[in-house]
Protein chains: 2
Amino acid sequence: MSTKNVSRESILAAATRLFHLQGYHGTGLNQILKESGAPKGSLYYHFPEGKEQLAIEAVQAMAIYIENDIKTYLRYDVDVMTAFQEHIRHIAEQFNNTDELDGVPIGLMAAETSLISEPLRKACQAAFEGWELLYAKRLIEAGYDPASAQKLGIVINSMIEGAITRSLTNKNGEPLQLIAEYIPILLKK
Amino acid sequence: MSTKNVSRESILAAATRLFHLQGYHGTGLNQILKESGAPKGSLYYHFPEGKEQLAIEAVQAMAIYIENDIKTYLRYDVDVMTAFQEHIRHIAEQFNNTDELDGVPIGLMAAETSLISEPLRKACQAAFEGWELLYAKRLIEAGYDPASAQKLGIVINSMIEGAITRSLTNKNGEPLQLIAEYIPILLKK
DNA sequence: GTCTATAGAAAGATAGAC
DNA sequence: GTCTATCTTTCTATAGAC
């Protein structure tokens, strides 16, 4: 069981990194196997439904990774505006050392696959909604009414995903820094 | 010359539509040719540098299409907040009749290609900056100082691109409607 | 259970007839 | 200039040895 998990986990780790950087269609199974060091046969043993199953699990893995990041930054013992700003600036930092991109969220996968695979679309939707729920909870805790907090969660998540695309295109984190700068205006009661 | 243009334009029109809906890697040249009705030979006659050149021209065509849409909605004779809201709600409408998606901006292409093709990345960057310039100009005309207007242009563009991804995932335009709802808060002086 | 070899389809690109 | 036929590579997926 331990060897099985090592092989499976290494394939999933490589898939998670590559899918989110290069996209679903831009990443070949051969590349995932080469990076993970596993042979092709074991991919279809561990992921019998092939590429689609691997992508769904990669989205779920990325969802948990980002959820932990959100929980780290949105602690209840810091000011809510500062917390959101530091969360966003933490994402922005990745775009300055442009080679070591990692943990880029699922926007690319979501846009690519929403029209072609219902299971993948639902996995992306669940990831987005999970993050938005964490945002909303933190806002409610800070005194916003639940209806507004839910809306703001979706708005903030959309802003972040869009600014990531914009930062990728600019090859720097400035768009994300700008989003962080305007958080206080958006959250002003 | 007229026949040449007809063939070239029909290939470019199909490429523009398909690239922006399905992405760069998700769209094959065969599919573009099938939809345009042109044979494969003429693609490489009109676009000697192949798929990359076709994608660059498709991004530029989409940039102009969106620019005209922005100019239509951001007229100087309507209130600036209302103008931005109607511009965004016009995009949102497309996501309600989910089958006739058309004119979805370049976010997917930008995220897919920024790391693999410098010419394509620059084409996407130029498109984004063109739209942001129009946003900023309209804000300056409405009395915002130029520095704030430029920043807001980038923030608004990022919000729209992110909300499009989010709307694609939800299969409805609600995230875009929410962005429109929060425009007055963002633009409050 | 793990891995190699390969099938079968589709990708982008090109050569050359007309 | 326009089009057809084909090349090479790469893709996902599978069969079967061990």
Side-chain angles (χ1 to χ4, degrees), chain A residues 1-59 108-109 112-113 115-120 123, chain B residues 1-59 108-109 112-113 115-120 123:
Chain A
M1 175 181 138
S2 67
T3 42
K4 171 186 173 184
N5 281 349
V6 166
S7 180
R8 193 183 201 281
E9 304 278 311
S10 70
I11 291 173
L12 185 54
T16 302
R17 205 182 74 83
L18 292 171
F19 274 142
H20 290 96
L21 273 178
Q22 306 179 341
Y24 183 76
H25 290 114
T27 303
L29 298 182
N30 292 324
Q31 189 185 10
I32 293 171
L33 290 167
K34 188 180 173 186
E35 178 155 326
S36 73
K40 181 163 290 192
S42 73
L43 190 152
Y44 280 94
Y45 173 74
H46 293 297
F47 304 90
E49 288 166 67
K51 191 180 190 180
E52 190 179 41
Q53 181 188 358
L54 191 53
I56 289 170
E57 295 203 29
V59 167
L108 172 52
M109 289 277 281
E112 259 190 309
T113 63
L115 295 173
I116 59 167
S117 164
E118 269 299 287
L120 257 171
Chain B
M1 176 182 137
S2 67
T3 42
K4 171 187 172 183
N5 282 348
V6 165
S7 180
R8 193 184 201 281
E9 305 279 310
S10 70
I11 291 173
L12 184 54
T16 302
R17 204 182 75 84
L18 292 170
F19 275 141
H20 291 96
L21 273 178
Q22 306 179 340
Y24 183 76
H25 290 112
T27 303
L29 297 183
N30 292 324
Q31 189 185 11
I32 293 171
L33 290 166
K34 189 179 174 187
E35 178 155 324
S36 74
K40 181 163 287 193
S42 73
L43 190 152
Y44 282 94
Y45 173 74
H46 293 297
F47 303 90
E49 287 166 68
K51 191 179 190 180
E52 190 178 41
Q53 180 188 358
L54 192 54
I56 289 170
E57 295 203 29
V59 167
L108 172 52
M109 289 276 281
E112 259 190 310
T113 62
L115 295 173
I116 59 167
S117 163
E118 269 298 288
L120 256 171

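Each chain gets a letter, A, B and so on, in the order its sequence line appears, and its residues count up from 1. The model shown is predicted, which means the values in this text are computed figures rather than measured ones.
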Between [N] atom [atom2] and [X] atom [atom1], what is the distance in whole Å?
{"X": "F19(B)", "N": "dA11(C)", "atom1": "CZ", "atom2": "P", "result": "12 Å"}
{"X": "K51(A)", "N": "dA11(C)", "atom1": "NZ", "atom2": "P", "result": "13 Å"}
{"X": "E52(B)", "N": "dG12(C)", "atom1": "CD", "atom2": "P", "result": "13 Å"}
{"X": "R8(A)", "N": "dT2(C)", "atom1": "CZ", "atom2": "C1'", "result": "16 Å"}
{"X": "F47(B)", "N": "dG1(D)", "atom1": "CZ", "atom2": "C1'", "result": "15 Å"}
{"X": "I11(A)", "N": "dG1(C)", "atom1": "CD1", "atom2": "C1'", "result": "13 Å"}
{"X": "K40(B)", "N": "dT14(C)", "atom1": "NZ", "atom2": "P", "result": "12 Å"}
{"X": "H46(B)", "N": "dT2(D)", "atom1": "NE2", "atom2": "C1'", "result": "8 Å"}

Atom pair [atom1] ([X]) and [atom2] ([Y]), whose distance is rounded to the nearest 0.5 Å:
{"X": "L21(A)", "Y": "E112(B)", "atom1": "CG", "atom2": "CD", "result": "13.0 Å"}
{"X": "S36(B)", "Y": "L12(B)", "atom1": "OG", "atom2": "CG", "result": "10.5 Å"}
{"X": "K51(B)", "Y": "H25(B)", "atom1": "NZ", "atom2": "NE2", "result": "6.0 Å"}
{"X": "Q31(A)", "Y": "K34(A)", "atom1": "CD", "atom2": "NZ", "result": "8.0 Å"}
{"X": "L120(B)", "Y": "Q53(B)", "atom1": "CG", "atom2": "CD", "result": "11.0 Å"}
{"X": "S7(A)", "Y": "L43(A)", "atom1": "OG", "atom2": "CG", "result": "8.5 Å"}

Report, one pair per line, the protein and nucleotides 16-18 of chain C atoms (nitrogen or oxygen only) whose separation is under 3.5 Å.
none

### Query
Counting only side-chain N and O atoms of Y44(B), is one of them less than 4.0 Å from OP1 or OP2 of dT14(C)?
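For dT14(C), neither OP1 nor OP2 has a side-chain N or O of Y44(B) closer than 4.0 Å.
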
Worksheet item: Using a heavy-atom distance cut-off of less than 4.0 Å, which residues of residues 25-34 of chain B contact DNA chain C?
Response: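 T27(B), G28(B), L29(B), N30(B), in order of number.
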
- If only atom types and distance count, is the side chain of T27(A) paired as donor or acceptor with the main-chain N or O of L18(A) below 3.5 Å? yes

Q. Taking the side chain of P39(A) as heavy atoms from C-beta outward, which of dA13(D), dT4(C), dT14(C) is closest to it?
A.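 Closest nucleotide among those given: dT4(C).
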
Original post:
Which salt bridge (charged side-chain N to carboxylate O under 4.0 Å, His left out) pairs, counting each pair once, include a residue from residues 35-45 of chain A, with sequence neighbours left out?
Top reply: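 Only R17(A)-E35(A) qualify under salt bridge (charged side-chain N to carboxylate O under 4.0 Å, His left out).
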
- Task: Tell me whether the guanidinium CZ or amine NZ of R8(A) lies under 6.0 angstrom from the six-membered ring centre of Y45(A) and within 45° of its axis.
- Result: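 Because its charged atom misses either the 6.0 Å distance or the 45° angle limit, R8(A) does not stack over Y45(A).
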
